[in-house]
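Quick notes on the structure that follows.
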Amino acid sequence: MTALNPRRDQLEDFFDNAPCGYLSIASTGEIVLANRTLATWLGHDAAALSGKRLYDVLPFTGRVYWETHLRPLLKIQGNIDGVALDFLSAAGETIPCFASAVESAGDAPTVKLAIFKAAERRQFEQSLLKARAAAQENLRSERATAELREQFIAVLGHDLRNPLAGFAGGVRLLARENLSEKGAKILPLLMGSIARMSELIDNVMDFAKARLGDGITLDRNAAEPLTPALQQVVDELTPTYPDRRIELQFAIAEPVDCDRARIAQLVSNLLGNALAHGAADQPIRMRAQTAEGFLQVSIANGGDPIPPEAMAKLFQPYFRGEVRANLQGLGLGLHIASEIAKAHGGTIVVDSSELETQFTFRMPLG
């Protein structure tokens with residue numbers, strides 16, 4: 001005996017005990033033949049299934065699906081492959097299955113079905129759908145919470161501007177008066193605090209706008225020179241740190257197509273960071289130049305190097321550096337600076353060693 005010439009009992013055993021169900025159905029809908037595997041699933045005797053109608057082993061929804069979709073499809077294309085088709089057991093239980101069918105031609109056409117149990121696969125698919133729905137609901141909840149938080153930040157920043165503007169106006173009026181020696185010393189401190197508060201509010205507003213989808217907006221203009229804007233940044237920060245020395249070197253070939261106010265904001269954040277973190281007995285070195293198709297601004301300071309664990313988080317929002325937790329601020333300055341750099345198609349990189357820490361902004365002039 002060879003596999004090409006099997007005995008009849010082997011063929012019968014293969015049919016009856018196959019790992020799937022087999023059905024042969026006449027054109028009238030009567031079951032001509034069913035194997036033992038399917039009969040066991042349905043709780044019937046295999047011989048007893050012969051003579052029953054296909055409708056007898058299908059639930060109501062399965063009957064409708066067979067009559068309105070599967071049977072017409074078989075008539076058109078002669079076969080169907082891997083469709084979901086539930087069967088009905090003798091106890092009235094629905095058994096999820098997949099079925100493939102082919103219709104034979106001839107004087108007495110029959111439909112032959114191969115049927116596979118699908119309960120585990122259906123459960124797996126349902127668990128995937130439930131997990132997906134839960135994940136989507138969690139995502140919607142997180143987005144709603146984040147949007148509410150950032151809208152609150154935006155409103156807070158907007159509402160803080162009004163009292164700060166009144167405070168600044170009052171200080172400017174005081175500056176015109178004949179103040180005592182003590183008052184003259186306090187006035188610059190107040191002006192520095194106002195500038196710092198204004199910077200914090202600007203950072204909060206920019207961060208909220210970026211997170212709400214508007215991003216960092218630019219008003220690029222090559223008509224105005226950039227150098228005076230950078231010099232103004234230095235002039236505004238100097239009164240806050242009167243004992244610090246800032247060494248400047250500007251070599252900018254004007255004009256530069258950029259948003260001057262945004263570049264000034266970026267430099268203000270980097271320079272303010274250097275003044276706050278750098279060694280007080282060493283100068284800050286600021287270089288701004290155009291060369292080889294790029295604008296490059298670098299700001300370096302002496303002092304302790306940035307720890308490696310902090311380097312990876314420098315440009316993340318709300319990060320202030322655990323090693324210098326005594327310093328005040330929201331931890332948005334470097335994040336906003338990096339977003340301004342990206343909006344200009346540029347980058348900010350940082351190098352930190354025992355000798356110095358240097359932040360470098362670089363953007364293409366094109």
Side-chain angles (χ1 to χ4, degrees), residues 1-140:
M1 180 197 73
T2 65
L4 297 177
N5 186 26
R7 292 182 306 185
R8 182 179 181 84
D9 57 346
Q10 289 179 314
L11 287 174
E12 290 178 352
D13 179 70
F14 177 78
F15 175 80
D16 275 332
N17 301 307
C20 62
Y22 289 120
L23 269 182
S24 181
I25 305 168
S27 59
T28 58
E30 292 182 356
I31 298 174
V32 177
L33 191 62
N35 72 340
R36 187 180 299 128
T37 300
L38 180 63
T40 302
W41 291 350
L42 301 182
H44 290 286
D45 180 81
L49 282 177
S50 297
K52 289 182 177 291
R53 296 177 57 82
L54 177 62
Y55 281 13
D56 296 332
V57 293
L58 294 179
F60 176 75
T61 54
R63 299 173 189 174
V64 173
Y65 187 47
W66 174 264
E67 189 65 31
T68 61
H69 182 73
L70 299 184
R71 192 72 184 99
L73 192 61
L74 273 172
K75 290 291 185 181
I76 294 173
Q77 61 186 33
N79 68 286
I80 52 177
D81 186 30
V83 297
L85 183 63
D86 294 343
F87 280 78
L88 188 66
S89 73
E93 297 178 352
T94 299
I95 301 176
C97 295
F98 289 108
S100 295
V102 61
E103 184 171 28
S104 62
D107 295 335
T110 58
V111 175
K112 297 178 177 62
L113 288 91
I115 302 155
F116 303 85
K117 269 191 174 181
E120 292 184 0
R121 177 170 172 177
R122 295 277 185 90
Q123 291 174 358
F124 177 68
E125 290 174 346
Q126 289 174 359
S127 66
L128 286 180
L129 291 174
K130 290 180 180 178
R132 179 181 179 183
Q136 290 176 338
E137 180 60 31
N138 289 337
L139 181 60
R140 283 192 293 267

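Index from 1, following the sequence.
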Starting at [atom1] of [X], measure out to [atom2] of [Y] and round the result to the nearest 0.5 Å.
X     : Y     : atom1 : atom2 : result
Leu49 : Ser24 : CG    : OG    : 12.5 Å
Thr68 : Arg63 : OG1   : CZ    : 13.5 Å
Leu73 : Trp66 : CG    : CH2   : 10.0 Å
Ile31 : Tyr55 : CD1   : OH    : 12.5 Å
Lys52 : Leu23 : NZ    : CG    : 12.5 Å
Glu30 : Leu54 : CD    : CG    : 11.5 Å

Residue pair [X] / [Y]: nearest heavy atoms and the distance that separates them:
X      : Y     : value
Leu113 : Ala99 : CD2-CB, 4.4 Å
Cys20  : Trp41 : CA-CH2, 4.0 Å
Leu88  : Leu58 : CB-C, 3.9 Å
Ala90  : Gly43 : CB-O, 3.6 Å
Lys117 : Ile95 : CE-CG2, 4.3 Å
Asn35  : Ala18 : ND2-CB, 4.3 Å

inquiry  = When you compare the side chain of Tyr22 with that of Thr37, does any pair of heavy atoms fall below 4.5 Å?
reply    = no

inquiry  = Could you tell me if the side chain of Leu85 sits less than 4.5 Å from the side chain of Cys97, heavy atoms only?
reply    = no

ask   = For Arg140, does the CZ atom have more than 12 heavy-atom neighbours from other residues, nucleotides or ligands under 6.0 Å away?
value = yes

Phe14 atom CZ, neighbour heavy-atom count above 12 within 6.0 Å = no

Backbone N or O of [Y] within a donor-acceptor pair of the [X] side chain at under 3.5 Å?
X      : Y      : value
Ser104 : Thr110 : yes
Asp86  : Gly62  : no
Arg36  : Asp13  : no

message = For Glu12, give me all partners under salt bridge (Lys or Arg N to Asp or Glu O under 4.0 Å), at least two apart in sequence or on another chain.
response = Arg8

